[in-house]
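Order of the sequence lines sets the chain letters (A, B, ...), proteins ahead of strands, with each chain counted from 1. Just the heavy atoms: all of them, side chains too, but no hydrogens, waters or symmetry mates, feed the values below.
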Amino acid sequence: MELVEERPFRFRIEPHGDMRVPGVVFASRELLEDAEQSLRQVVNVATLPGIVGASYAMPDVHWGYGFPIGGVAATAVDEGGVVSPGGVGFDISCGVRLLAADCAGREIERALPAVMDGLGQVIPRGAGPGGVWKPSGRSELERILRGGSRYAVEQGHGEERDLTRCEDGGTVADADVAQVSGRAQERGLGQVGSLGSANHFLEVQQVAEVYDETVAAAFGVALGQVCVMVHCGSRGLGHQICTDHVRAMDWAMARYGITVPDRQLACTPVDSPEGRDYLGAMAAAANYGRANRQLLSDATRRIFRREVGARLSLVYDVSHNLAKIETHVVDGTRRRLCVHRKGATRAFPPGHPELPNDIREFGQPVLIPGTMGTASYLLTGVTGGDAFFSTCHGAGRVMSRHAAARTITGKDLRTRLERDGIAVRPKSLRSLAEETPEAYKDVDAVVAASEGAGLCRTVARLVPLGVVKG
DNA sequence: ATGTTC
């Protein structure tokens with residue numbers, strides 16, 4: 001694969017074969033070692049009908065289902081552009097929420113074990129069923145799928161700021177519950193308010209560095225402050241929706257005369273029954289993901305109130321696995337686009353009309369969860385941001401789960417983390433080993449490349465005090 | 001990511 005370095009942290013793959021647009025990869029040479037497979041996927045995505053601009057890859061790009069994780073692709077809705085479930089991923093609306101406590105790390109040092117024990121008891125995690133909230137039945141699940149975080153807050157599980165500081169005000173419009181299969185609903189019923197497994201986590205963190213005090217203050221964080229970061233998605237419900245709609249599109253594609261270089265890129269026009277059906281189901285999963293993070297926040301707040309008398313305010317909640325209909329100027333014309341972000345975070349620039357009033361002038365908060373035991377970042381969107389205002393989403397795995405578990409035992413890893421001052425409350429020691437930091441890229445390098453490429457700006461760096469994992 | 005291979 002020939003990569004032409006256009007400028008630092010920006011590489012280009014010239015269109016060849018069936019590519020309709022170039023590939024654009026934001027990264028350093030080091031971050032792209034062993035990236036052959038994911039760059040092949042960047043090229044494949046560039047062949048999709050209606051794609052505009054480029055097939056983009058963020059610095060944390062790695063191999064995924066059809067599309068690379070860390071990929072951004074926008075299609076022109078009014079020019080036959082397609083939507084593809086593979087461009088969103090199986091964990092629809094997987095995302096991150098950051099809450100800031102009204103206390104500093106040193107103030108809760110002695111109480112931290114009790115806080116972690118409390119969280120360890122109330123946060124459902126790991127594969128399979130379990131959740132903090134059991135919907136009364138299908139009709140209540142449907143209210144969650146339509147209302148998202150707004151419904152959870154209306155039911156007493158949050159406060160108004162939880163909605164103003166959440167992407168889309170907590171609710172994605174146009175959720176179509178009829179497109180969520182019975183099987184997807186069945187899986188979703190038992191997992192409302194649960195973390196899941198793999199790289200999902202709930203961490204108690206401390207702000208270790210502030211790069212821009214004005215922006216940090218506006219977002220609601222300061223040096224030394226305790227924060228809670230929640231990283232999770234739409235669990236089995238989102239997974240089932242992706243499975244169902246990939247299958248439907250795989251069958252329907254030929255009727256639209258669409259051929260793709262990889263069946264995992266199954267897609268149909270946005271403006272087709274199958275496209276609308278998927279986007280309706282995806283919106284329902286997006287609402288489920290937000291409600292999920294809202295309910296985990298609610299449970300966390302109860303523990304913080306009980307153990308240390310602290311309050312937690314929402315900094316922001318943003319998804320990094322979603323397709324959205326957005327208007328952007330491409331080649332000098334305003335166009336309605338379906339922007340697929342898969343393992344990529346929307347990063348609206350300062351002044352964007354969709355941002356909350358109190359932080360609009362500073363840009364959109366972007367939340368980057370690091371690898372367990374390392375660091376996480378609070379970033380902000382920038383003027384002139386490329387890739388339809390998108391940036392990275394995390395560290396990005398480089399070692400298979402199996403390979404990771406061979407490097408260290410869960411017990412040894414727990415000992416190492418505790419020795420480094422990080423309390424761990426894992427559900428499974430085997431899963432813990434699979435998440436060893438060595439299995440991931442260096443989040444500091446990923447963030448430096450994202451900032452160097454002009455996609456975002458750093459606001460603060462957070463380090464873990466305690467981690468709750470599946 | 002995922003009732004971790006319908």
Let me know the distance between CG of A/L237 and C1' of B/dA1, rounded to the nearest Å. 13 Å
Does B/dA1 have OP1 or OP2 sitting under 4.0 Å from an N or O in the side chain of A/S234? no
Rounded to the Å, how far apart are A/E434 CD and B/dT2 C1'? 13 Å
Under 4.0 angstrom, heavy atoms only, what part of the nucleic acid is A/Q191 near: base, sugar-phosphate, or nothing? sugar-phosphate
Atom CG of A/D91 to atom P of B/dT4: distance rounded to whole Å? 15 Å
Without decimals, in angstroms, what is the distance between A/H239 NE2 and B/dT4 P? 9 Å
Check every atom of B/dT4, B/dA1, B/dC6 against the side chain of A/H200 and return the nucleotide holding the closest atom. B/dA1
Using the closest heavy atom to pick a nucleotide of DNA chain B for each, name whichever of A/R397 or A/R247 lands nearer the 5' end. A/R397
Aromatic ring proximity, centroids under 6.0 angstrom, A/F219 and A/Y316: no
Could you state the atom-to-atom distance from CD of A/E186 to P of B/dT2 in whole Å? 18 Å
Lys/Arg N to Asp/Glu carboxylate O, A/K324 vs A/E354, below 4.0 Å: no
Look at all strands and tell whether A/G236 reaches a base, only sugar-phosphate, or nothing, counting heavy atoms closer than 4.0 Å. sugar-phosphate
Do A/D386 and A/R10 sit within salt-bridge range, that is, some charged N less than 4.0 Å from a carboxylate O? yes
Classify A/R235 by what it touches in the nucleic acid, base, sugar-phosphate, or nothing, heavy-atom distance under 4.0 Å. sugar-phosphate
Charged N to carboxylate O below 4.0 Å: is that the case for A/R40 and A/E36? no
Separation of B/dT2 C1' from A/E435 CD (nearest whole Å): 14 Å
